[in-house]
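One structure is given below, encoded as structure tokens.
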Amino acid sequence: MRSHLYPVFKYTVIALWACFVAGPFFWAMTTSFKNANAVQGGPTYIPWVQYKPTLTGWRNIFGGAGGIDVIDPFVNSAIITIAASAISLALGSLAAYALSRYRFRLGFIKNSDIVFFFVSQRIMPPVVLVIPFFYLLQWGGLLDSIPGLVIVTVALLLPIAVWVMVDFFNGIPREIDEMAMLDGCPPFQTFVRAILPNSLPGLTVAAMFCAVFGWNDFFFAFRLTFTEVQTLPQAVVALNSSIPPWWTLSAAALFGVAPLILLALWVERYLSKGNLSGAVR
């Protein structure tokens, strides 16, 4: 009896969780194709039956009347996310490889403490960091600028890259390093030629995490910019007034989350650790 009930229970829980996750997206999708009358007329979800679809919300996010132009904020967010993720992956991979292959000690501080130090940067509340970041960027003349936000975002993403890559490098056999060094490769060439080619799944996971956190950052962009630079999360939140235009807000939210969904679908095959194909000679 239990063997028959377990699959039913399992798939019921999965179905309920899928509905819970997909529900907000379904609501935003239907609302983005409504106008003010359809939204104010009560809950309606079936197009052409309960309401007549319209592209008003989508026109508004591309500069239509009563809306915003999301192109510039989208480009700003893309530049900041791509630049910060690339720098974080480059620096984080080097640091993670060193922490995985070499032993560091300064008094009671050892490798695990250094890794925890990196991770602890994500534990601190953002409000603790925003004032030091503000004064540092002000001192460097980088307030309200894309380079300033890139620097701040790197500081936020670097711990994630180190944390993910240390764990992944620990799973790669040290024999690969030894074989490369026997072939005459110094440590850096060993890292580039032998380890990185076998680290694509880990790099992809780290890049995905960096992209998600970098793309969705609102707090630091809101506090460290004024008029010159606006990111996509800022542009979406700017629509949330006392009487928000839900059709435009829904379209902007879907437009903002679409790149991450497409990125996740593209890198899906790398999101689980792959085997070390080609690593054994």
Side-chain angles (χ1 to χ4, degrees), residues 8 10-82 84-85 153 157 204-205 207-222 229-272:
V8 175
K10 179 177 69 174
Y11 289 114
T12 300
V13 171
I14 293 174
L16 290 175
W17 179 252
C19 292
F20 176 77
V21 172
F25 289 95
F26 176 73
W27 179 88
M29 180 64 71
T30 57
T31 304
S32 68
F33 290 102
K34 296 179 181 179
N35 54 24
N37 294 331
V39 170
Q40 296 167 3
T44 53
Y45 302 104
I46 305 176
W48 290 288
V49 176
Q50 295 180 308
Y51 69 94
K52 183 180 179 181
T54 176
L55 294 176
T56 301
W58 292 94
R59 292 193 190 99
N60 288 347
I61 68 172
F62 293 107
I68 58 171
D69 188 356
V70 297
I71 299 301
D72 287 340
F74 179 89
V75 172
N76 292 337
S77 289
I79 293 173
I80 293 167
T81 301
I82 293 172
S85 298
T153 308
L157 301 184
T204 306
V205 172
M208 186 67 190
F209 276 114
C210 289
V212 169
F213 281 99
W215 184 265
N216 289 331
D217 176 65
F218 167 77
F219 180 77
F220 288 102
F222 177 69
V229 177
Q230 185 183 47
T231 62
L232 190 56
Q234 289 175 277
V236 174
V237 172
L239 288 169
N240 192 15
S241 58
S242 57
I243 305 178
W246 293 110
W247 49 98
T248 305
L249 188 60
S250 298
L254 289 174
F255 182 79
V257 78
L260 296 182
I261 295 176
L262 295 176
L263 179 63
L265 293 175
W266 183 55
V267 302
E268 179 185 5
R269 55 179 175 167
Y270 299 117
L271 290 181
S272 60

Report task. Begin with the C-alpha distance, continue with both residues' side-chain angles, and end with the deciding distance and a verdict on side chain to side chain contact (heavy atoms under 4.5 Å, CB included) for W247 and N60. Result -> CA-CA 9 Å; W247 49 98; N60 288 347; 3.8 Å; yes
Report task. Evaluate the criterion side chain to side chain contact (heavy atoms under 4.5 Å, CB included) for residue pair I80 and D217; output intermediate values, then yes/no. Result -> CA-CA 10 Å; I80 293 167; D217 176 65; over 6 Å; no
Query raised in the report: Does the pair M29 and L254 meet the rule for a side chain to side chain contact (heavy atoms under 4.5 Å, CB included), with working shown?
Result: CA-CA 7 Å; M29 180 64 71; L254 289 174; 4.1 Å; yes
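Here the closest non-hydrogen pair linking Q234 and V229 is OE1-O, 4.2 Å. A pairwise comparison of heavy atoms in W215 and P259 identifies CZ2-CG, 3.8 Å as the closest pair. Shortest non-hydrogen contact noted between L263 and A211 is CD2-CB, 3.7 Å. Across all their heavy atoms, L260 and M208 have their closest contact at O-CE, 3.8 Å.
Centroid-to-centroid, the aromatic rings of F62 and F74 stay 6.0 Å apart or farther.
In this structure the side chain of F213 reaches within 4.5 angstrom of the side chain of L157, judged on heavy atoms. Looking at heavy atoms from C-beta onward, V70 lies in side-chain contact with L232 at the 4.5 angstrom threshold. For the pair S250 and F33, the minimum side-chain heavy-atom distance is 4.5 Å or more. A 4.5 Å side-chain heavy-atom check between V237 and F222 finds every atom pair outside the cut-off.
Here the straight-line distance linking atom OG1 of T54 with atom CZ of R59 works out to 5.5 Å at 0.5 Å rounding. F255 contributes atom CZ, which lies 14.0 Å from atom OG1 of T248 (distance to the nearest 0.5 angstrom). With rounding to the nearest 0.5 angstrom, the CG atom of D72 is 12.5 Å from the OG1 atom of T231. Considering CD1 of I61 and CG of L249, their distance stands at 10.5 Å, rounded to 0.5 Å.
Inspection of the S32 and W58 side chains reveals an N or O donor paired with an N or O acceptor under 3.5 Å.
Without hydrogens or angle criteria, T30 side chain to W27 main chain gives a donor-acceptor distance under 3.5 Å.
Within a 6.0 Å sphere centred on CZ of F25, heavy atoms belonging to other residues, nucleotides or ligands number 12 at most.
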